Structure formats: structure tokens, C-alpha cells
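Numbered from 1 within each chain, the chains take letters A, B, ... in sequence-line order. Side chains are part of it too, since the values below use all heavy atoms of this structure and drop only hydrogens, waters and symmetry mates. Because the structure is a prediction, the values reported are computed rather than measured.
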Amino acid sequence: MLRRLSSLFLRTLRDDPADAELPGHTALVRAGYIRRAGSGLHSWLPLGYVVYRKVEQIIREEMDRMGAQEVHFPALLPREPYEATGRWEEYGDTLFRLQDRRGNDHLLGPTHEELFTLLVKDLYSSYKDLPLSIYQIQTKYRDEARPRAGLLRAREFVMKDSYSFDVDDAGLGASYEQLRAAYIATFDRLGLDYVIVDAMSGAMGGSRSEEFLCPTPVGEDTFVRSPGGYAANAEAVATPVPDPLPYDDVPTAHVEDTPDTPTIATLVDHANAHLPREDRPWTAADMLKNVLVMLTYPDGTRTPLAVAVPGDRDVDDKRLAAQVEPARVEPFTDADFDANPALVKGYIGPAALGEDSASGVRYLADPRIVEGTRWVTGANEPGRHVFDLVCGRDFTPDGTIEAAEVRDGDPAPDGSGPLEIARGIEIGHIFQLGRKYAEALDLKVLDENGKLVTVTMGSYGIGVSRAVAAIAETTVDELGLCWPRIVAPADVHLVIAGKDEQVVAAAEQLAADLDAVGLDVLLDDRKASPGVKFKDAELIGIPTIVVVGKRLADGMIEVRDRASGDRDEVAVDSAVDHLVEICRS
RNA sequence: CGGGGUGUGGCGCAGCUUGGUUAGCGCACCUGCUUUGGGAGCAGGGGGCCGCCGGUUCGAAUCCGGCCACCCCGACCA
């Protein structure tokens with residue numbers, strides 16, 4: 001394929017667009033790959049669409065290779081199936097809803113579990129038909145509260161979503177492993193760096209869920225990893241539980257006056273000024289912080305929850321939310337305090353917490369708060385705190401909860417070293433759904449004993465448009481885009497640097513020759529100055545830039561590597577062979 | 001949804017406080033000449049209901065009110 005820049009539907013921009021904030025997104029717009037059509041909506045221009053299709057095709061090939069079969073659903077869907085699984089309501093404002101002329105509710109599919117499940121139900125009814133993996137590459141719609149970061153968080157985006165169907169858990173496990181292997185192969189081919197992280201805490205049973213995160217500071221997901229190879233989503237990190245401590249020589253708990261100390265910082269200052277420790281100064285880590293939240297369940301029930309964390313840590317809202325799902329976490333309001341007179345704002349302590357206490361509020365503690373740990377905490381009276389309160393002796397929480405923030409340097413749960421906190425773009429997610437959708441939509445098959453069994457499912461997604469963005473964000477440099485060859489919009493960017501007839505003729509001939517041997521060529525045959533062409537070539541980011549110009553007088557052309565900036569001089573006569581070698585190796 | 005901000009040719013921006021000729025600049029685009037190895041020069045040109053609606057006024061891009069859109073921070077986000 002030979003494309004000419006003189007006629008390509010392309011206009012590069014010299015200035016950064018005002019609304020692009022990420023370097024890769026900025027470059028995609030400046031280089032003429034995408035245009036914003038609306039908030040969270042993007043149009044693909046010719047160069048961008050070539051890259052998009054290459055990424056899509058690699059994903060498709062790897063899905064086909066593992067035996068999944070491609071189908072295609074509508075993006076516009078009827079309400080009923082989503083009503084049946086409860087997601088018409090659960091999805092909330094993120095769901096794009098619309099009505100047809102008869103007033104019937106429809107939605108633009110945010111994900112297609114329901115449709116896949118129903119399709120299999122329509123056609124299959126025997127264990128002999130399973131296992132089955134089917135997938136589609138489909139435009140998805142989510143009315144994001146705040147679209148941002150270009151293609152990374154859009155309202156319309158393309159996702160490859162696939163689903164596996166098995167009769168039993170062992171089958172689901174095998175299907176999951178197959179998909180996992182296919183994802184590894186896919187991202188390896190795409191040249192995308194990735195980390196596979198646990199997306200769910202082990203406490204939640206057999207369901208496995210892992211995310212493929214592309215590590216980059218511009219990513220929206222926070223994860224942790226250790227030198228020993230442990231990696232997990234921040235929500236899923238388990239805290240190693242310390243051994244119990246002896247507490248025989250800890251004094252009896254005693255209440256002290258600590259006026260005007262409603263926060264940890266003020267309490268530490270007061271304690272050091274008026275009640276100094278014998279061995280060392282008090283720190284926030286000596287304080288027991290009790291945080292109240294209100295949980296709201298899908299059925300509307302509201303229940304308060306108290307979470308205890310060491311005073312030097314904050315509660316991580318996302319980790320807490322993951323632990324209490326499906327309940328939603330809401331702040332504990334002044335009205336809630338009024339309704340619970342046993343709770344004294346700013347001075348809440350364990351004595352007033354717990355299912356058997358005066359307040360009756362369920363009290364869950366960070367796993368670090370083990371038997372024998374010694375704390376300073378609220379005395380449930382304004383201006384007073386309890387000192388030397390020992391866990392297991394003076395109070396016992398109702399249970400533990402993983403809600404404290406994870407910090408750089410925290411130990412990995414598997415002993416593989418200190419955790420490092422990093423950011424990543426979620427480019428893939430694999431998930432053992434289990435029987436949730438099969439049950440809701442009654443997908444059953446007959447097993448070998450002639451008994452009806454509910455099918456168990458897995459769901460597996462790759463963001464196609466997001467993968468393009470992730471590649472751009474992780475390869476962009478100060479000059480512009482810098483595509484891995486496998487997804488680049490062409491193999492060679494051929495710059496005609498000069499208006500001399502011999503130069504033009506030689507470049508045209510070279511372009512034709514490269515085209516003839518099957519390389520994709522972007523030929524810059526515009527009447528622009530060499531400087532403009534070089535800048536654009538760097539911005540567009542095709543991996544190999546060939547310059548036919550003044551050195552042609554000596555029978556030489558220049559071959560540049562976009563990524564490294566390396567330049568070679570090559571004889572025109574051997575240019576085709578040389579470039580084939582570069583592009584095919 | 002809370003907070004902040006911005007809407008002026010395709011892109012980036014000035015003008016608005018203090019209302020008053022034909023609304024301006026850079027890039028991009030068109031024509032001509034010169035130029036051609038790192039975003040060229042000169043000359044000439046085309047392109048705008050100044051986000052929308054209403055109000056004040058002799059007169060509104062500019063002042064007032066309402067609405068809409070978009071962006072940023074946060075909340076939210078299989």
C-alpha cells in the first residue's frame with residue numbers, strides 16, 4: 001500500500017489542542033489520527049483508523065487462535081434482558097437510555113453479558129455443546145460522569161468482549177486459563193507492557209478476577225507490586241497479619257483529659273505536650289482512628305459501620321467500597337450523629353462501638369490491630385481520650401476489614417518484599433462470572449445424567465480503542481508518536497527532501513519498489529520544505545523514516561529509526577533489500 | 001454530583017474591566033514570485049450570525065439575566 005501525503009486526508013497541527021492533557025492524546029490529535037467530536041466522543045481519521053484496525057485485527061486473530069468464535073450483537077438493546085438481571089437499575093446514570101417511537105425503553109450497551117447469555121440459551125441445551133467461547137468487537141456506550149483523557153475514558157469506545165460457557169467450575173477454570181493465555185499472547189504481540197494484577201481479594205471465594213494493567217504514570221488505576229513478583233489492584237491487597245503481642249506489662253487503660261483534640265494531629269500534639277511517653281514521642285501510629293460511614297444497600301437499607309485504622313493511615317474509600325459491595329459508602333452526617341447519641345464526634349472509641357455496644361454499630365478493624373496492640377483512642381466524651389487501651393484485653397472488634405490505605409513500602413502479603421505503588425491503564429480484564437447471569441436468565445443445560453444444571457460463565461474484555469491510546473501514551477516522546485512496527489500506520493515514511501527532478505524520480509521509484517515488495521509506504525510528496533516534512537514525519541511516528549535528498553548525488557539515501565533517532569546511509573540500489581530487512585525482522 | 005474555569009474563522013489566542021468605525025494576531029488555507037536538509041520570505045487574498053435566548057442602550061463581542069456546551073480538580077467509574 002502506498003499513501004501519498006499530498007492527497008491524504010490529514011492536517012497536522014503545530015499547536016497543542018487546548019483540551020488535550022496527556023502527551024499521547026495530544027500527539028494523536030496533532031498528528032491527525034483522531035478528532036474530538038463531542039465530550040468523550042472521537043472520530044478516527046485515516047491514519048488513526050489504520051492503527052485502530054491493526055490493533056483490532058491482532059486481538060481478533062488471538063481470539064480466533066484460541067478457538068473463540070466471533071459474533072456481533074446490536075449496540076442498541078431492548079430493556080427486558082437488563083431488567084431481568086437487575087442491571088437496568090444497577091447501572092444507574094452510566095447507562096445510556098433511550099426510547100423508540102412507541103415509548104419502549106432501550107439502552108446503548110455498556111457491556112453485553114445479557115445478550116450473550118440469551119443467545120446461548122436460545123441455541124444450546126446440552127453439556128455436549130460446551131465449553132463454548134464467543135466474542136464480539138463492539139462499540140460500547142457509557143455515560144461517564146466525567147469523560148477525560150481522550151480515548152482512555154470515553155463515552156463511546158470499542159471493546160472486545162468475550163464470554164465462556166461451561167458446565168462446571170473445573171471447566172470455567174480451564175476456559176479462564178485459555179483466555180488468560182490468549183491475552184498474554186495478544187498484549188505481547190501488540191508490544192504493550194503489562195502487569196497482571198489480582199482484581200479481587202482472596203477472601204471473596206473461588207471467583208478469580210485479574211486485570212491487565214499497562215504501567216504508566218498517566219494511568220487511572222492504582223496498583224501495587226513487589227520485587228518478588230506480587231502484583232495486585234490496590235483494592236485487592238491483603239494486609240499481612242502481625243503476630244499477637246504480649247501485653248502483661250501494659251498499664252491498665254486510663255482516661256485522660258485531652259481538650260480540643262478532635263483530630264489525630266491535635267491529639268498527638270496534646271499528648272506529647274501534656275502526657276509524654278516515657279520511651280519516645282507519641283506518633284499518629286499510636287492512635288486508633290475510628291471512622292464512621294453509612295452503608296446503603298441496593299434495597300435501600302441504611303446501616304452504620306465503624307472502621308478502625310491506625311492513626312497514621314487514612315481510610316481508602318475505594319478499598320472500603322470494594323469490601324462492602326454491593327452496599328454504597330456514604331459519609332456519616334451530623335444527622336446520623338444526632339440519631340446515635342452514644343457516638344461523640346471526634347472522640348469515638350471502641351467502648352461505644354460494636355454490635356453488642358450501646359450504639360450497636362458494627363465495628364471492623366484493620367488487620368494490623370491484633371491482640372496486644374496498645375492504643376490511644378476516643379473515650380466517647382468530648383475532650384477525653386483513653387490511653388493504654390489494649391486490643392484483646394480492653395476491646396474486641398466485630399471483625400477485620402481491608403480498608404486502610406496501602407502505602408509505598410508496605411509488605412507484600414506473600415512475603416515477596418516491600419510494595420511499590422504504581423499507576424496503570426486497564427487494558428484487559430478477565431473475570432470468572434460464575435452463575436450470576438445464567439441464573440438470572442435461566443441458562444441451563446442437561447448434564448450427562450440428564451439433569452438440568454446452570455451454566456457457569458466467564459467474562460473477558462479488552463479495550464480496543466483504549467489499547468491504541470495506551471500504546472500512544474507509553475511510546476510517545478517529545479517529538480511525537482512512536483508506533484511499534486506491528487501497529488504502525490505504515491512500514492516506511494518516505495520523505496522527498498528536495499524538488500530536484502532526479503530526487504523526485506528516485507523517491508517515486510523507491511516508493512513504487514517498496515510497494516511492489518509488499519511494504520506499506522507513506523510518501524511525503526508535498527511541496528513543503530524539508531524541515532516541515534521532517535517534523536511531520538517525527539510527529540506521525542512511523543518507525544522507519546527514509547529521506548531521499550541531497551545525498552542522492554552520491555547514490556545514497558538516509559534511513560532513520562524513529563524511536564532511537566539513529567541514521568544510516570544506504571545505497572539507493574540496495575535500499576529495497578535493506579528496508580525489507582528492517583521491516584520484516 | 002460538588003468546586004473552579006472557558007466559549008471570538010480549521011487550530012492556538014488577544015479584545016471585554018472603561019459599550020462607539022470595516023473584530024484583531026500567530027498558525028493553517030488560496031494566488032504570485034523567491035526559497036528548499038530542520039516547522040522559509042515578500043506581496044496579495046478567502047474564511048466569523050463573537051455559544052444560544054432575552055434585556056439595557058441611539059449603539060453590545062464588551063453591561064445585565066437566563067439557558068446551553070465544553071474543559072480542569074474532586075466524587076464516581078464491568
Side-chain angles (χ1 to χ4, degrees), chain A residues 9-22 25-26 29-32 35-41 45 82 85 87 90-95 109-114 116 140-150 152-155 157 159 161-163 199-200 207 209-211 220-222 233 235 317-318 321-322 325-326 328-331 426 428-433 436-437 457-463 466 479-480 495-500 503-504 524 526-539 545 547-553 557-558 560 565 567:
Chain A
F9 183 51
L10 172 81
R11 186 112 301 152
T12 57
L13 305 179
R14 197 174 292 199
D15 297 320
D16 287 348
D19 57 357
E21 71 263 39
L22 302 183
H25 179 217
T26 302
V29 175
R30 278 192 57 209
R35 296 290 287 179
R36 203 181 70 89
S39 181
L41 305 172
L45 277 55
Y82 286 76
T85 57
R87 292 212 295 181
E90 274 175 28
Y91 238 100
D93 292 337
T94 305
L95 198 62
T111 171
H112 281 70
E113 279 81 358
E114 283 81 352
F116 274 88
K140 307 283 184 176
Y141 296 87
R142 292 184 194 174
D143 193 359
E144 294 283 354
R146 180 146 102 80
R148 68 183 96 175
L152 286 181
R153 175 80 76 85
R155 295 198 295 174
F157 58 98
M159 181 163 80
D161 55 328
S162 50
Y163 303 86
M200 201 181 286
S207 267
S209 176
E210 289 168 297
E211 289 174 357
E220 294 197 307
D221 281 22
T222 304
N233 192 307
E235 283 91 325
D317 294 338
K318 289 185 176 183
E325 246 197 318
R328 290 174 55 86
V329 177
E330 284 161 17
E426 182 185 345
H429 194 167
I430 54 179
F431 185 38
Q432 295 192 1
L433 276 182
K436 175 181 173 181
Y437 292 92
M457 296 168 54
S459 135
Y460 317 90
I462 293 180
R466 182 179 274 189
L479 298 174
V495 173
I496 306 178
K499 57 175 184 178
D500 183 271
V503 167
V504 173
D524 194 346
R526 298 175 299 176
K527 293 181 171 54
S529 70
V532 171
K533 293 183 175 187
F534 295 150
K535 289 288 186 197
D536 275 348
E538 283 146 1
L539 181 60
I545 299 167
V547 182
V548 179
K550 62 184 183 188
R551 296 286 288 119
L552 186 70
I557 61 163
E558 189 177 321
R560 303 181 184 179
R567 304 180 180 194

Undergrad: So what does A:R35 touch, heavy atoms closer than 4.0 Å: a base, only the sugar-phosphate, or nothing?
TA: sugar-phosphate
Undergrad: For B:rC71 versus B:rC33, give the span between their C1' atoms, rounded off to a whole number of Å.
TA: 44 Å
Undergrad: Please determine, for B:rA43, whether a Watson-Crick or G-U wobble partner exists with both distances under 3.5 Å, and give it or none.
TA: B:rU31
Undergrad: Would you indicate which nucleotide in B:rG39, B:rC76, B:rC11 comes nearest to any side-chain atom of A:L13?
TA: B:rC11
Undergrad: Rounded to whole angstrom units, what separation is found between the NZ atom of A:K527 and the P atom of B:rC30?
TA: 11 Å
Undergrad: Main chain of A:P147, side chain of A:R153: is a donor-acceptor contact present, judged purely on distance under 3.5 Å?
TA: no
Undergrad: Once you apply the 3.5 Å cut-off to both distances, tell me the Watson-Crick or G-U wobble partner of B:rG74, or none.
TA: B:rC1
Undergrad: Tell me which nucleotide, if any, is Watson-Crick or G-U wobble paired with B:rG24 when both distances must be under 3.5 Å.
TA: B:rC13
Undergrad: So what does A:K140 touch, heavy atoms closer than 4.0 Å: a base, only the sugar-phosphate, or nothing?
TA: nothing
Undergrad: Ignoring hydrogens and angles, state whether a donor on the side chain of A:Y141 or A:D143 is under 3.5 Å from an acceptor on the partner side chain.
TA: no
Undergrad: Are any of the side-chain nitrogens in A:E113 or A:K436 under 4.0 Å away from the carboxylate oxygens of its partner?
TA: no
Undergrad: Both A:A497 and A:P17 contact RNA chain B. Which one's nearest nucleotide lies toward the 5' end?
TA: A:P17
Undergrad: A:E538 near the nucleic acid: base, sugar-phosphate alone, or nothing, with a heavy-atom cut-off under 4.0 Å?
TA: base
Undergrad: Taking only the side-chain heavy atoms of A:D15 (C-beta and beyond), determine which of B:rG12, B:rA28, B:rG37 contains the nearest atom.
TA: B:rG12
Undergrad: Pick out the pairs of N or O atoms, protein on one side and nucleotides 69-72 of chain B on the other, that lie under 3.5 Å.
TA:
{"from": "B:rC70", "atom 1": "O3'", "to": "A:R36", "atom 2": "NH1", "distance (Å)": "3.2"}
{"from": "B:rC71", "atom 1": "OP2", "to": "A:S39", "atom 2": "OG", "distance (Å)": "2.9"}
{"from": "B:rC72", "atom 1": "OP1", "to": "A:E21", "atom 2": "OE1", "distance (Å)": "2.8"}
{"from": "B:rC72", "atom 1": "OP1", "to": "A:E21", "atom 2": "OE2", "distance (Å)": "2.8"}
{"from": "B:rC72", "atom 1": "OP2", "to": "A:R146", "atom 2": "NH1", "distance (Å)": "3.4"}

Undergrad: Expressed in whole Å, how much space separates the P atoms belonging to B:rG65 and B:rU17?
TA: 15 Å
Undergrad: Look at the aromatic rings of A:F116 and A:H112 and report parallel, tilted or perpendicular, splitting at 30° and 60°.
TA: perpendicular
Undergrad: Taking a pair as Watson-Crick or G-U wobble with both distances under 3.5 Å, which nucleotide is matched to B:rC63?
TA: B:rG55
Undergrad: Looking at A:D536 and A:T12, what are the two nearest heavy atoms and their distance?
TA: OD1-OG1, 3.0 Å
Undergrad: What is the minimum heavy-atom distance between A:N233 and A:E211, and which atoms define it?
TA: ND2-OE1, 2.9 Å
Undergrad: Supply the atom-to-atom distance A:K140 NZ to A:T111 OG1, rounded to the nearest 0.5 angstrom.
TA: 5.0 Å
Undergrad: Can you tell me how far C1' in B:rU22 sits from the matching atom in B:rG47, rounded to whole Å?
TA: 16 Å
Undergrad: Distance check, P atoms only: B:rC29 and B:rC67, in whole angstrom units.
TA: 42 Å
Undergrad: For A:R153 and B:rC73, give me the distance from atom CZ to atom C1', rounded to whole Å.
TA: 14 Å
Undergrad: Please check this pair: side chain of A:K533 against backbone of A:I496, looking for a donor-acceptor N/O pair closer than 3.5 Å.
TA: yes
Undergrad: Does A:D536 reach a base, just sugar-phosphate, or nothing at all? Heavy atoms under 4.0 Å.
TA: base
Undergrad: Hey, does A:G549 reach any base, or is it just sugar-phosphate, or nothing, if we go heavy atoms under 4.0 Å?
TA: base
Undergrad: Nearest of B:rC77, B:rC76, B:rG37 to any side-chain atom of A:A145?
TA: B:rC76
Undergrad: Tell me the interatomic distance from A:E220, atom CD, to B:rC76, atom P, rounded to whole angstroms.
TA: 13 Å
Undergrad: Between P on B:rC27 and CG on A:D16, what's the gap in Å once rounded to a whole number?
TA: 17 Å
Undergrad: Measuring only the P atom in each nucleotide, how far is B:rU62 from B:rC50? A whole number of Å is fine.
TA: 9 Å
Undergrad: Using the P atoms only, state how far B:rC73 lies from B:rA28, rounded to an integer number of Å.
TA: 31 Å
Undergrad: From CD1 of A:I557 over to P of B:rG37, roughly how many Å is that when rounded to an integer?
TA: 18 Å
Undergrad: Who passes side-chain hydrogen bond (donor to acceptor under 3.5 Å, both in side chains) against A:K535, sequence neighbours left out?
TA: none
Undergrad: C1' atom, B:rC53 versus B:rC58: distance in rounded Å?
TA: 23 Å
Undergrad: Of A:F534 and A:R11, whose closest RNA chain B nucleotide lies nearer the 5' terminus?
TA: A:R11
Undergrad: Using a 4.0 Å heavy-atom cut-off across all strands, classify A:V495 as base, sugar-phosphate, or nothing.
TA: nothing
Undergrad: Determine the contact category for A:R560: base if any of its heavy atoms lies under 4.0 Å from a base atom, sugar-phosphate if only primed atoms, P, OP1 or OP2 are that close, otherwise nothing.
TA: base
Undergrad: B:rA28, B:rC76, B:rG12: which one has an atom nearest the side-chain heavy atoms of A:D317?
TA: B:rC76
Undergrad: Do A:R11 and A:R35 pass the side-chain contact (heavy atoms from CB on, under 4.5 Å) test, and can you show the C-alpha distance, the side-chain angles, and the key distance before you say yes or no?
TA: CA-CA 11 Å; A:R11 186 112 301 152; A:R35 296 290 287 179; over 6 Å; no
Undergrad: Measuring only the P atom in each nucleotide, how far is B:rC70 from B:rG26? A whole number of Å is fine.
TA: 32 Å
Undergrad: When all nucleic acid strands are considered with a 4.0 Å heavy-atom cut-off, which category describes A:E113: base, sugar-phosphate, or nothing?
TA: nothing
Undergrad: Expressed in angstrom and rounded to an integer, what is the separation of A:R14 atom CZ from B:rC13 atom C1'?
TA: 16 Å
Undergrad: Please determine if a side-chain N or O atom of A:S529 lies less than 4.0 Å away from the OP1 or OP2 oxygen of B:rA40.
TA: yes
Undergrad: A:K533 has an atom NZ; how far is it from atom P of B:rA40, in whole Å?
TA: 12 Å
Undergrad: Let's test this: given Watson-Crick or G-U wobble pairing with both distances under 3.5 Å, identify the partner of B:rG7.
TA: B:rC68
Undergrad: What is the separation between atom CZ on A:R466 and atom C1' on B:rC77, rounded to the nearest whole Å?
TA: 9 Å
